[in-house]
Amino acid sequence: MGHCSLGGQCPIPLRCSLPRGARRPGELSTTARVVHSFATRAPRPCFSSHSGPMTTSTRPAAQNGANLNLGGDPGEMIATVPPMLGFRPANSVVLIVHRHGENGQPGSIVQMARSDLPPPGFALAVAERFVPLVHGNSAATVLIIGGGGEFAGAELVETIREQFAATGVDPVHFLWMAEIRTGMPWRCYLDPDCRGELPDLEHGRIAAVAASAGLVTFSSREASAARLDPTDPEAISRRSRQLDQAADEAEPDSRAMVPEQGFAVVRAAIRRAHRGRLELSDKDVLDLVFALQITEVRDACLALAVPSGTAVARAAEQLWLAMVRECPPPERAQFATLLAFSSYLRGDGTFAGMAMDNALEADPGHLLAGLLSRAIDAMLPPSRLADLGRADPALDIDLPPAKGK
């Protein structure tokens with residue numbers, strides 16, 4: 001609702017690097033063992049009003065059957081942001097890169113990315129992280145949510161305009177709103193007559209299209225990230241002590257399992273996940289930890305995500321998510337990394353970024369997590385990143401039909 005000409009398919013995650021630290025040794029870590037305990041959150045070397053200062057979405061709505069191409073209504077473009085990111089952003093800067101359509105109208109969305117609103121003096125940091133996303137494209141819209149127009153107009157808008165102009169993206173459309181909620185007013189920064197109200201976000205056209213495509217929207221980034229929270233902190237502490245005891249009792253160079261045993265443990269767990277019977281005991285958690293410490297098993301688990309969308313890939317992702325919630329750090333990082341990889345390949349870059357942060361918080365020295373984080377930060381397309389999972393099918397798994405649960 002409103003008047004102004006704008007436009008509206010999808011993106012890739014970015015985040016701040018975390019400091020490296022000591023953690024338990026293993027196939028995926030480069031640092032020394034420490035006693036298991038709840039890991040304290042490592043301080044971030046950059047601003048963040050809520051965890052993860054940069055977020056992008058890799059979920060291509062068109063692949064899910066969602067036609068989110070818009071006409072010229074900025075309100076409808078803003079309405080696409082929550083389902084594309086997977087949550088309603090607050091105190092954020094959202095970049096929407098889109099193509100020029102016919103008759104001067106905007107075409108389809110190419111990229112979408114979100115950053116925390118930067119404090120004074122940090123506008124250039126946000127603009128520089130956005131530049132690679134607009135490079136080679138012809139149109140962009142920037143949404144500023146909360147924070148007040150004066151601050152954003154005085155620094156952030158001008159800084160982004162200058163940086164984008166240097167890449168050939170000019171003009172850039174800037175919109176402001178206090179929050180993304182039905183009926184909230186929005187306005188343009190550079191045209192005082194350009195203003196309107198957001199459409200119905202729960203029952204409008206965009207909501208219906210997103211629902212038909214299976215795009216779930218959480219109320220906030222924190223609500224989405226809560227899917228990774230421990231199920232039972234007391235059980236996490238108990239398993240941490242059990243892992244300490246197992247480490248103390250093991251011979252220095254011994255393995256708790258051989259690869260064939262590790263493969264069997266993973267196969268059995270994935271079959272249970274597929275049947276909807278994934279309740280993990282202490283023994284289940286420890287067996288999976290020991291299995292994933294075997295390089296051959298770890299590599300085969302990566303391969304389960306390729307191709308994305310298969311019954312095996314879905315069941316494996318359910319298992320990795322369950323283990324993130326049931327496993328203590330630093331071993332949790334192994335499963336959070338697999339979860340991030342699988343989520344990224346199926347198009348949920350926002351959740352992949354959350355899982356990657358979780359992995360690096362659990363074990364800042366985790367080698368695979370660090371490599372995957374850099375690959376995502378470099379904005380590698382999911383199709384290229386899938387090469388990491390192209391391995392011999394050592395975990396070839398036959399699953400019964402879903403209705404046979």
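Every heavy atom of this structure was used, including side-chain atoms; hydrogens, water molecules and symmetry mates were not.
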Report task. Report the C-alpha separation of V142 and H173 in whole Å, then their side-chain angles, then the decisive distance to 0.1 Å, and conclude whether the side-chain contact (heavy atoms from CB on, under 4.5 Å) test is met. Result -> CA-CA 6 Å; V142 176; H173 206 107; over 6 Å; no
Query raised in the report: Taking everything shown except E202 itself, do over 12 heavy atoms lie less than 6.0 Å from its CD?
Result: yes
Query raised in the report: Any side-chain heavy-atom pair from L319 and L288 closer than 4.5 angstrom?
Result: yes
Query raised in the report: Charged N to carboxylate O under 4.0 angstrom, E317 versus R346?
Result: yes
Query raised in the report: Is T167 reaching over with its side chain to a backbone N or O of F164, donor-acceptor style, under 3.5 angstrom?
Result: yes
**Report entry** Test item: L117 and L156 side chains (from C-beta on) under 4.5 Å apart, heavy atoms
**Finding:** yes
Query - side-chain contact (heavy atoms from CB on, under 4.5 Å) between D116 and N91, worked out - result: CA-CA 6 Å; D116 290 348; N91 298 316; over 6 Å; no
Report summary line: Rounding to 0.5 Å, atoms CE (M112) and CG (L95) come to a distance of 9.0 Å
Requested in this report: State, with a plain yes or no, whether a side-chain heavy atom of M184 is found less than 4.5 Å away from one of M177.
Outcome: no
Query raised in the report: Roughly how far apart are L286 CG and L280 CG, rounded to 0.5 Å?
Result: 11.5 Å
Query raised in the report: Are any of the side-chain heavy atoms of D363 and P329 separated by less than 4.5 Å?
Result: no
Report summary line: Rounded to the nearest 0.5 Å, the CZ atom of F87 sits from the OG atom of S220 at a distance of 8.5 Å
Report summary line: Tightest non-hydrogen contact, residues A359 and A333, listed as O-CB, 3.3 Å
Report task. Decide yes or no for I160 and F174: does some side-chain heavy atom of the first lie under 4.5 Å from some side-chain heavy atom of the second? Result -> yes
Report task. Any pair with a residue in residues 280-293 that passes salt bridge (charged side-chain N to carboxylate O under 4.0 Å, His left out), sequence neighbours left out, goes on the list, sorted by first then second residue, please. Result -> R238-D282, R239-D282, R272-D284, K283-D287
Query raised in the report: In Å, rounded to the nearest 0.5 Å, how long is the span from CZ of R181 to CD of E197?
Result: 11.0 Å
Report task. Identify the two heavy atoms, one from G146 and one from W176, that lie closest to each other, and give their separation to 0.1 Å. Result -> O-NE1, 3.5 Å
Query raised in the report: Cation over ring, R227 on F351, under 6.0 Å and within 45°?
Result: yes
Query raised in the report: How about S342 and L338: do any of their side-chain heavy atoms sit closer than 4.5 Å?
Result: no
Report summary line: In short, F335 meets V324 closest at the heavy-atom pair C-CG2, 3.8 Å
Report task. Mark yes or no: R187 above the aromatic ring of Y189, with NZ or CZ under 6.0 Å from the six-membered ring centre and no more than 45 degrees from the axis. Result -> yes
Report task. Rounded to the nearest 0.5 Å, what's the gap from OG1 on T337 to CG on L371? Could you check? Result -> 10.0 Å
Query raised in the report: So, do Q318 and H274 sit near enough that their side-chain heavy atoms are less than 4.5 Å apart?
Result: no
Requested in this report: With the side chain counted from C-beta on, respond yes when V126 and F130 share a heavy-atom pair under 4.5 Å apart, and no when they do not.
Outcome: yes
Query raised in the report: Within the distance-only criterion (no hydrogens, no angle test), does the side chain of Q261 pair as donor or acceptor with the backbone N or O of V258 below 3.5 angstrom?
Result: yes
Query raised in the report: Any sub-3.5 Å donor-acceptor pair from S237's side-chain atoms to P233's backbone N or O?
Result: yes
Report summary line: Closest heavy-atom pair, I206 versus A79, reported as atoms and distance to 0.1 Å, is CG2-O, 3.6 Å
Query raised in the report: When rounded to the nearest 0.5 angstrom, what distance separates CG in L339 from CH2 in W320?
Result: 10.0 Å
Requested in this report: State, to 0.1 Å, how close I145 and A178 come at their nearest heavy-atom pair, and which atoms those are.
Outcome: CG2-O, 3.8 Å
Query raised in the report: Do the side chain of R314 and the main chain of G309 share a donor and acceptor less than 3.5 angstrom apart?
Result: yes
Query raised in the report: Between the main-chain N or O of L124 and the side-chain N or O of T159, is there a donor-acceptor pair closer than 3.5 Å?
Result: no
**Report entry** Check: T182 side chain, L201 main-chain N or O, donor-acceptor pair, under 3.5 Å
**Finding:** yes
Query raised in the report: Under the side chain to side chain contact (heavy atoms under 4.5 Å, CB included) test, which residues partner A165, sequence neighbours left out?
Result: D170
Requested in this report: Please report the C-alpha distance between C327 and V289 in whole Å, then the side-chain angles of each, then the deciding distance to 0.1 Å, and finally whether the side-chain contact (heavy atoms from CB on, under 4.5 Å) criterion is met.
Outcome: CA-CA 8 Å; C327 182; V289 166; 3.6 Å; yes
Requested in this report: Could you pull out the closest heavy-atom pair between I236 and P230, with the gap in Å?
Outcome: CG1-CB, 4.0 Å
**Report entry** Flag, side chain of S92 to backbone of A90, donor-acceptor distance under 3.5 Å
**Finding:** yes
Query - Audit row: R88, E222, salt bridge (Lys or Arg N to Asp or Glu O under 4.0 Å) steps and yes/no - result: CA-CA 10 Å; R88 291 193 184 186; E222 292 82 356; over 6 Å; no
**Report entry** side-chain contact (heavy atoms from CB on, under 4.5 Å) evaluation trace for R114 with V93
**Finding:** CA-CA 6 Å; R114 186 212 67 88; V93 187; over 6 Å; no
